[in-house]
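First the structure, in the form of structure tokens, and then the observations on it.
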Amino acid sequence: MNVYLRDILDQPGELKKVLRSLNEEYSGQVEQVAALLNIANEIVLTSMGSAYYSLIPMYYALARRGYAVSLIESSELLRNQEQLDSKKLYVFMSRSGESYEVALLSRLMKKKNITSVGITMTPESTMAHYVTYVLHDCASYDAMVCTKAYTSLALCGLKCVDAMEKKSNDAKITTDLENVFEWLEQNKESIFEQISRLDVLKDAPDFCFLSRSYGMGVIKSGALWMEEVARKCVSVSSLDTFYHGPIELSRTNIVPVFLGVEMDDRADMIFEKICSLTDKIICICPENVVIEKGNIIRYPEFDVEPEYQMLVLAFYFQFLSYCCALKNGIEPGQMETLSWVVK
């Protein structure tokens, strides 16, 4: 089996394992991180590459609750070191803990006596050595492209946010998440089969990913997978901004991919307009949304916070990138330029 496909399919089981560890073995680490988040004047989330995108659900969860939070690439913090502030709490997220910028920035913060948290799959890493506190993500490593790492690191961040409100081991949240992960386990092959039937992926020159609200975080991650795995260029836009001019792209061969969260009358109108200009559009939408045009893939909405729903939607975009690569003669998940750790 292709290693990228194997990593996608292994995710439900890995997420169950990580959830158990966060509720049991690493619950003390979760509570410690939550306590720091609660007393911080401002929270800065930082990383590079795929782990940067794993921070997006945590960012949305904190912002929705009214916390002062920003999401900044570690490279930008390194270039603007005068802006580093000991009154802020810096939260790193990294699969390896060895990426060039993450390792260098964590070392710098240690030198400046700035409090930091590292959420990582590699607790013996350089980053973990220099940060003040560590939360271990116990998921197994991906072969190359971050799939399990993306969803499991995001789950760790979200559990820390829950713990800020004393919900880290809430029985209902745990049961609801277990049900979500079990649904993914039972339906992963069906999702894959549906997406594999999208013939519009073959010979697609490039893509435009569209959404709203927390869906924007999903499509940003989806764009990364499409570019890494299928080597297709992807522009990312809110549905509403797309209507202010870039909608003209719908007259070209570009393939729009619309993630239909938080639909309303205006979203319906814009979607109908895009459909009038192209028959290539792919629409990934909730089961209860009335959409009949385009190439439609439907998903269930679960009784969880929207940021946890992002973990479900990640599967759809990972499968999308895998199927696009195959349909265009590319072996999915192979990197020719970079190694597993970006130095």
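Here, residue 1 is the first one in the sequence, and each next residue gets the next number.
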>> Show me the pairs that pass ring-ring contact (aromatic ring centres under 6.0 Å, His included) and involve residues 190-220, at least two apart or across chains.
In response: F192-F319, F192-Y322, F209-F317

> When Ile, Leu, Val, Met, Phe, Trp and Tyr are grouped by side-chain heavy atoms lying under 4.5 Å apart, directly or through other members, which residues fall in the same group as I247?
Replying inline: L210, L239, F242, Y243, L249, I254, F258, M263, M269, I270, F271, I274, L277, I281, V289, I291, I296

> Quick one: hydrophobic cluster around V3, which other residues, with the 4.5 Å side-chain cut-off, linked directly or via members?
Replying inline: none

> Hey, what do you get for CG (D7) to NZ (K148), rounding to the nearest 0.5 Å?
Replying inline: 4.0 Å

>> Between E272 and K293, does any side-chain N to carboxylate O distance fall below 4.0 Å?
In response: yes

>> For I56 versus G217, what's the shortest heavy-atom pair and its separation?
In response: CG2-CA, 3.6 Å

>> As an exercise, state the distance from CD of E228 to OH of Y4, rounded to the nearest 0.5 Å.
In response: 8.0 Å

> With sequence neighbours left out, what residues match E331 under salt bridge (Lys or Arg N to Asp or Glu O under 4.0 Å)?
Replying inline: none

>> Counting C-beta onward and ignoring hydrogens, is there a side-chain heavy-atom pair between M58 and L37 closer than 4.5 Å?
In response: yes

> What heavy-atom pair brings V18 and C156 nearest, and what distance separates the two atoms?
Replying inline: CG1-SG, 4.0 Å

> Do P256 and T278 come within less than 4.5 Å of each other through their side chains, counting heavy atoms only?
Replying inline: yes

> Taking only residues two or more places apart in sequence, or in another chain, which ones meet E193 in a salt bridge (Lys or Arg N to Asp or Glu O under 4.0 Å)?
Replying inline: R197

> Is V236 reachable from L55 through a run of I, L, V, M, F, W or Y residues, each pair having side-chain heavy atoms under 4.5 Å apart?
Replying inline: yes

> For F181, what residues pass the ring pair (Phe, Tyr, Trp, His ring centres under 6.0 Å) criterion, not counting sequence neighbours?
Replying inline: none

> Say you draw a straight line from CD of E305 to CG of D162; how long is it, rounded to the nearest 0.5 Å?
Replying inline: 7.0 Å

>> Quick test of your reading: applying salt bridge (charged side-chain N to carboxylate O under 4.0 Å, His left out), list the pairs with at least one residue in residues 261-270, sequence neighbours left out, ordered by first then second residue.
In response: R212-D264

> Does any non-hydrogen side-chain atom of L19 lie less than 4.5 Å from one of K159?
Replying inline: yes

>> According to side chain to side chain donor-acceptor pair (under 3.5 Å), does anything in residues 176-185 pair up with another residue at least two apart or in another chain? List the pairs.
In response: K16-E182, K172-D176, E182-Q186, E185-K188

> Within a strict 4.5 Å, meaning less than it, do heavy atoms of the L259 and V257 side chains meet?
Replying inline: no

> Residues in salt bridge (Lys or Arg N to Asp or Glu O under 4.0 Å) with K280, at least two apart?
Replying inline: none

> Is there a donor in the side chain of E98 and an acceptor in the side chain of S125, or the other way round, less than 3.5 Å apart?
Replying inline: no

> Just by distance, with hydrogens left out, do T120 and S94 show a side-chain donor and acceptor under 3.5 Å apart?
Replying inline: no

> Would you call D137-R95 a salt bridge at under 4.0 Å N-O?
Replying inline: no

>> What I'd like to find out is whether the side chain of V255 reaches to under 4.5 Å of the side chain of K232, using heavy atoms alone.
In response: no

> With distance as the sole criterion, is a donor-acceptor pair present between the side chains of Q11 and T151 under 3.5 Å?
Replying inline: yes

>> Suppose we screen for side-chain hydrogen bond (donor to acceptor under 3.5 Å, both in side chains). Which residues come up paired with S106, at least two apart in sequence or across chains?
In response: none

> So, do E301 and N288 sit near enough that their side-chain heavy atoms are less than 4.5 Å apart?
Replying inline: yes

> Is there side-chain contact between L135 and C160, with heavy atoms separated by less than 4.5 Å?
Replying inline: yes

> Applying ring-ring contact (aromatic ring centres under 6.0 Å, His included), which residue pairs with at least one partner in residues 60-93 are found, sequence neighbours left out?
Replying inline: none

> Minimum heavy-atom separation for M48 to V102, with atom names?
Replying inline: N-CG2, 4.2 Å

> Have D10 and S140 got a donor and an acceptor in their side chains that come within less than 3.5 Å?
Replying inline: no

> Of all residues at least two apart in sequence or in a different chain, which pass the salt bridge (Lys or Arg N to Asp or Glu O under 4.0 Å) check with K220?
Replying inline: none

> Quick one: does T122's side chain get under 4.5 Å of Y141's, heavy atoms only?
Replying inline: yes

> When hydrophobic residues are tied together by side-chain contacts of less than 4.5 Å, even through go-betweens, does V145 share a cluster with I330?
Replying inline: no

